[in-house]
Amino acid sequence: MKVGIIRCMQTEDYCPGIADFKAIREHTGSFQGEDNSEIVGFINCGGCPGKKSVLRARKLIELGADTIAFASCIQKGTPIGYPCPFAKRMKDLVQKEAGENIRILDYTHDVPKAE
């Protein structure tokens, strides 16, 4: 699996993407059961309302991605506790642009449990 990750622009100041990379490396979250995963790119959505996500997904695919993963910050709201209100629309637009041959993942990693 060659993965291009689209993350929330609003969370860049809070999150360097460590949990996304760890999920791929350790085969957890959306990557559970995937033996051979490689990141081809890691980029933000372009800001609300995800207005550049289609262009960025297109570029990730041009760079070899066969899978586009929306980082957990978009779907699950990590680490700020606020899921993207545009997530479904953004995903639908990216899927339409990417076509049926590109796999779309709703999230990257599981949300850490509070201690």
#### Entry: Carboxylate-amine/guanidinium proximity below 4.0 Å for D66 and R103
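The answer is no: the pair does not qualify as a salt bridge.
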
### Query
With the threshold set at 4.0 Å, does a side-chain nitrogen-carboxylate oxygen contact exist between K96 and D92?
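Salt bridge between K96 and D92, a charged N being under 4.0 Å from a carboxylate O: no.
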
Using side-chain heavy atoms (C-beta onward) and a distance below 4.5 Å, is [X] in contact with [Y]?
X	Y	result
V3	F31	yes
I5	I24	yes
C84	M90	yes
I68	L60	yes
K52	N44	no
Y107	T78	no
R7	C45	no

Atom [atom1] in [X], atom [atom2] in [Y]: separation rounded to 0.5 Å?
X	Y	atom1	atom2	answer
L63	R58	CG	CZ	13.0 Å
F86	C8	CZ	SG	10.5 Å
K2	E38	NZ	CD	4.5 Å
I74	Q10	CD1	CD	11.0 Å
M9	E12	CE	CD	6.5 Å
C73	H109	SG	NE2	7.0 Å

#### Entry: Candidate list I61, V54, L55, I102, test side-chain contact (heavy atoms from CB on, under 4.5 Å), partner V94, passing option
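Exactly one option meets the side-chain contact (heavy atoms from CB on, under 4.5 Å) with V94, and it is V54.
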
### Query
For S72 and D20, which heavy atoms make the closest approach, and how far apart are they?
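Heavy-atom minimum between the residues: N-OD1, 4.1 Å.
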
### Query
Of all heavy-atom pairs between G46 and K51, which one has the smallest distance, and what is that distance?
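Taking every non-hydrogen atom into account, O-CE, 3.5 Å.
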
### Query
Can you list the other members of the hydrophobic cluster that holds Y14, where links are side-chain heavy atoms under 4.5 angstrom apart?
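Besides Y14, the cluster holds I80, Y82.
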
